[in-house]
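Scroll down for the structure; my scribbles are underneath it.
Here the structure is a predicted model, which means the values were calculated and not measured. Here is the naming used below: chain letters follow the sequence lines, and residue numbers restart at 1 for every chain.
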2 protein chains.
Amino acid sequence: MPKVVDPAERRRELVEAVLRVMRRDGLEQASVRNVAREAGLSMGSLRHYFASQSELMVFAFRTVIDRIESRLAALEPEPDPTRRAQRLLAELLPLDDERRAENEVWLAFNSRAMVDPALRALRDEGYDALRAGCQAMVTDLSAAGLAPTDVRTEAERLHALLDGLAVHAAMRPDIHTAESLTAAIARHLDALAIERSARDAAEGEDPA
Amino acid sequence: MPKVVDPAERRRELVEAVLRVMRRDGLEQASVRNVAREAGLSMGSLRHYFASQSELMVFAFRTVIDRIESRLAALEPEPDPTRRAQRLLAELLPLDDERRAENEVWLAFNSRAMVDPALRALRDEGYDALRAGCQAMVTDLSAAGLAPTDVRTEAERLHALLDGLAVHAAMRPDIHTAESLTAAIARHLDALAIERSARDAAEGEDPA
DNA sequence: GCTACCCTAACACAACTGTGCTATAAAAGT
DNA sequence: ACTTTTATAGCACAGTTGTGTTAGGGTAGC
């Protein structure tokens, strides 16, 4: 009976099982037994694809990261920096069920990474990528005169706002609807532009 | 030998043991055995003070919440809304080792509350309190002409920024120093004031 | 004195964990 | 046709978990 499915496909199925269990019962319930049962396999089979639980978790986390990154990369090019930022941020916020699920497992992985060294490297990778993305967005906006020139501080602020909204959406999905999340982000982008104009005007006055 | 210390004191010691274990080894290591060993007691003794692990965790979480709230309440009154907001936010951010520790256990409790119903109520309580605090700050700033009039959106933005910064500080304490955190918050308060001025000016022009 | 009570300790139990090992059947390679 | 590799299943083992129960030692009230 073996060899009926592609090994890579099996691994993907197992990752899906991990994510399902994590969402339904919490990260600590994602034991090798529970995951194997969820996937309809014996735990001996699971161990054939992943030698250890840590390996399974790392692969699952990596899969989630790759999925998010490829989704961002697949976005059609958008020359206008504001609209580009809006689309990127909309892709990162948990606005629909699929991304809500993704957000939950992302947060679970992140919290385990606080203690598990094997996951820490992946968490840092995701963190750095998001940080770089925020920095790129602010840089483009700033170049277009739509954000203050202090890119570093503004990128940190945007990044923290984004992650904070994601955490809040996971904690209270009833309060933080897709509308309120997008409104908060839109307001922030708007505020960045206003701030830039005001600072430019102040600079034009002061030294003159 | 029993009865040498106040039972309430014992409970406090046990909570401290919980927090130490949680910070050192992670939340999932805070088993009744590990906590009892950390406190230098047998697990039979621990169970005399807390009938179940859930009870212990709830009490520990409650203690952390109370500690933060009483520290905020102990702040001397500050009439200037900007300075008051700065002080409140400085008290909530993990700027020193003590509050870094507090922040870590806070996040750990929050992540477990995603799955543990007993902790969820406490998490929601903490969330609501912080949300109300942000709303109060923005309301005062807005009344003083130092923040936009859309209190609801701005409170959500401030709240998310605050929690996002706390998460980032826990993840990357090397990157997010006390200086960068306070700078981000200061910039945000500054931006709120600028935004208000600009919107007021725009409104004065438009309908005229 | 003594009785009642609080605290502490220690053990038992069932459930769960990750991991190693073995057996077997199907496929692939020759 | 035969051998080797791959995939699956199942079990054993040692460790940890939460919780219950039992017993004993120390203090306080009478």
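- For A/Arg199 and A/Glu195, the salt-bridge test passes: some basic side-chain N is under 4.0 Å from an acidic carboxylate O.
- For B/Arg33 and A/Val32, each mapped to the nucleotide of DNA chain C holding its nearest heavy atom, the one lying further toward the 5' end belongs to B/Arg33.
- Taking side-chain N and O atoms only, B/Tyr49 has no distance below 4.0 Å to OP1 or OP2 of C/dC6.
- Put simply, CG on A/Asp116 is 12 Å from P on C/dG18, counting in whole angstrom units.
- OP1 or OP2 of C/dA9 sits under 4.0 Å from a side-chain N or O of B/Ser45.
- D/dA7 atom P lies 12 Å from atom CG of A/Leu41, rounded to whole Å.
- Here A/Ser42 reaches the OP1 or OP2 of D/dA9: one of its side-chain N or O atoms lies under 4.0 Å away.
- A cation-pi arrangement is found for A/Arg11 relative to A/Phe59, the charged atom lying closer than 6.0 Å to the ring centre and inside a 45° cone about the ring normal.
- The CZ-P distance, from A/Phe50 to C/dG18, rounds to 14 Å in whole Å.
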Practice task
Before giving the answer on side-chain hydrogen bond (donor to acceptor under 3.5 Å, both in side chains), spell out for A/Asn103 and A/Arg100 the whole-Å C-alpha distance, their side-chain angles and the decisive distance to 0.1 Å.
Solution key: CA-CA 5 Å; A/Asn103 185 44; A/Arg100 256 188 289 274; over 6 Å; no
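- Residue A/Arg10 places no side-chain N or O under 4.0 Å from the OP1 or OP2 atom of D/dA7.
- With rounding to whole Å, B/Arg11 atom CZ is found 14 Å from C/dC7 atom C1'.
- The 5' end of DNA chain C is approached more closely, in terms of each residue's nearest nucleotide, by B/Gly44 than by the other of B/Gly44 and A/Ser52.
- Protein atom CD of B/Glu28 is 16 Å distant from nucleotide atom C1' of C/dC16, rounded to whole Å.
- The nearest heavy atom of DNA chain D to A/His48 and to A/Met43 marks one nucleotide each, and the one closer to the 5' end goes with A/His48.
- OP1 or OP2 of D/dT17 sits under 4.0 Å from a side-chain N or O of B/Asn34.
- Formation of a donor-acceptor pair under 3.5 Å by the A/Asn110 side chain with backbone atoms of A/Trp106 is found in this model.
- Rounded to a whole Å, the CG atom of A/Leu46 is 10 Å from the P atom of D/dT8.
- As a whole-Å value, the separation of B/Arg47 CZ from D/dA23 C1' is 16 Å.
- Residues B/Val64 and B/Glu102 share a closest heavy-atom pair of CG1-CG, 4.2 Å.
- Atom pair B/Leu27:CG and D/dT17:P shows a separation of 13 Å (rounding to whole Å applied).
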